Amino acid sequence: AALAASASAATVRIDVGQNGFTFSPSSVTASKGDTLEYHFHQPAHSVASSDFGGPCTPSKSGGFYSGVMTTSGAAENANVFRVVVNSTDPIFFYCTVPGHCNGGMSGVVNPSGSQTLAAYQSSAQTASLVVPPNVFGGQVASGSSSSSNGGSTSSSSSTTGSATTS
């Protein structure tokens with residue numbers, strides 16, 4: 001059964017900073033078992049999970065953080081950050097580079113009617129930025145050409161656990 005579940009899991013590509021202080025797409029729907037694959041663009045960006053009620057602050061339990069990915073001289077960083085979705089609850093995320101989250105650089109997986117990205121971004125404008133001390137909850141790996149309909153994985157990686165949301 002686990003093999004069947006992994007065969008149907010999708011990889012959802014999210015570009016980080018490709019068009020300025022943005023995640024693209026900034027709102028996605030993902031099923032349990034899907035992989036979020038963050039692709040980083042110039043100059044420097046990150047992704048950290050957050051709770052709806054605490055914008056620009058790491059999730060209180062579980063979650064993930066990529067660390068700051070600096071990109072220069074290339075369209076995209078050679079590494080990606082992968083996170084396995086363990087719940088269909090809303091997962092908010094933000095960039096930890098100073099000024100980015102407050103400037104609207106955030107996104108959401110599985111938004112709900114009451115927990116919207118617009119409301120999160122509005123609260124984030126005056127929030128205090130908190131940067132996690134270490135990379136956790138996902139995997140930094142060599143980039144691949146993954147798409148939103150299931151992609152490949154890389155053998156060059158650094159595992160730091162998996163994301164849990166509640």
Side-chain angles (χ1 to χ4, degrees), residues 2 5-6 8-18 21-41 44-71 76-98 100-102 105-112 115 117 120-121 123-124 127-144 146 148 150-166:
S6 66
S8 64
T11 297
V12 179
R13 179 185 173 118
I14 300 172
D15 285 290
V16 183
Q18 185 175 27
F21 293 170
T22 63
F23 287 94
S24 182
S26 60
S27 181
V28 299
T29 301
S31 299
K32 186 175 180 179
D34 288 353
T35 299
L36 306 175
E37 187 173 83
Y38 293 91
H39 292 252
F40 299 89
H41 297 269
H45 298 286
S46 68
V47 63
S49 63
S50 182
D51 298 320
F52 178 75
C56 308
T57 302
S59 300
K60 289 183 179 162
S61 64
F64 55 86
Y65 174 53
S66 66
V68 175
M69 301 283 203
T70 302
T71 306
E76 183 178 309
N77 195 295
N79 290 323
V80 298
F81 187 67
R82 295 187 182 118
V83 177
V84 176
V85 176
N86 290 328
S87 166
T88 57
D89 293 337
I91 305 167
F92 288 85
F93 54 88
Y94 67 102
C95 181
T96 65
V97 173
H100 292 198
C101 182
N102 300 115
M105 192 168 182
S106 54
V108 63
V109 179
N110 300 327
S112 73
Q115 296 185 3
L117 181 57
Y120 180 93
Q121 289 174 329
S123 296
S128 296
L129 177 69
V130 178
V131 180
N134 301 303
V135 173
F136 71 95
Q139 180 184 69
V140 176
S142 291
S144 70
S146 295
S148 62
S152 61
T153 58
S154 170
S155 60
S156 170
S157 64
S158 169
T159 302
T160 57
S162 62
T164 54
T165 60
S166 55

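A quick note: this is a predicted structure, and the numbers were derived from the prediction, not measured. Along the sequence shown, residues are numbered consecutively beginning with 1.
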As an exercise, state the distance from [atom1] of [X] to [atom2] of [Y], rounded to the nearest 0.5 Å.
| X | Y | atom1 | atom2 | result |
| --- | --- | --- | --- | --- |
| Ser112 | Asp89 | OG | CG | 9.0 Å |
| Glu76 | Met69 | CD | CE | 11.0 Å |
| Thr11 | Ile14 | OG1 | CD1 | 11.0 Å |

Residues forming a side chain to side chain contact (heavy atoms under 4.5 Å, CB included) with [X], sequence neighbours excluded:
| X | value |
| --- | --- |
| Val68 | Ala44, Ser46, Tyr65, Thr70, Thr96, Val97 |
| Phe52 | Phe92, Gln115, Ala119, Tyr120 |
| Thr57 | Val130 |
| Ala124 | Pro55, Cys56, Cys101 |

Expected output: side-chain [X] to main-chain [Y] donor-acceptor under 3.5 Å:
| X | Y | value |
| --- | --- | --- |
| Ser50 | Gly54 | yes |
| Asn102 | Leu129 | no |
| Thr22 | Ser24 | no |

State, to 0.1 Å, how close [X] and [Y] come at their nearest heavy-atom pair, and which atoms those are.
| X | Y | answer |
| --- | --- | --- |
| Val84 | Thr35 | CG2-OG1, 4.1 Å |
| Tyr94 | Pro132 | OH-CD, 4.2 Å |
| Gly138 | Val83 | CA-CG2, 4.3 Å |
| Val109 | Ala30 | CG1-CB, 3.8 Å |

Only counting residues at least two apart or in another chain, list the ones meeting ring-ring contact (aromatic ring centres under 6.0 Å, His included) with His100. Phe21, His45

Phe23 meets the ring-ring contact (aromatic ring centres under 6.0 Å, His included) criterion, sequence neighbours left out, with Phe93

Partner residues of Ser49 under the side chain to side chain donor-acceptor pair (under 3.5 Å) criterion, sequence neighbours left out: Ser59

List for me each residue that meets side chain to side chain donor-acceptor pair (under 3.5 Å) alongside Thr71, sequence neighbours excluded, and say none if there are none. Asn77

Check this for me: does any side-chain nitrogen of one of Glu37 and Arg82 sit under 4.0 Å from a carboxylate oxygen of the other? yes

List in chain and number order the residues that pass salt bridge (charged side-chain N to carboxylate O under 4.0 Å, His left out) with Asp34, two or more places apart in sequence or in another chain; answer none if no residue qualifies. none

Just to verify, which of Asn79, Val140, Val80, Val47 counts as forming a side chain to side chain contact (heavy atoms under 4.5 Å, CB included) with Tyr38? Val47

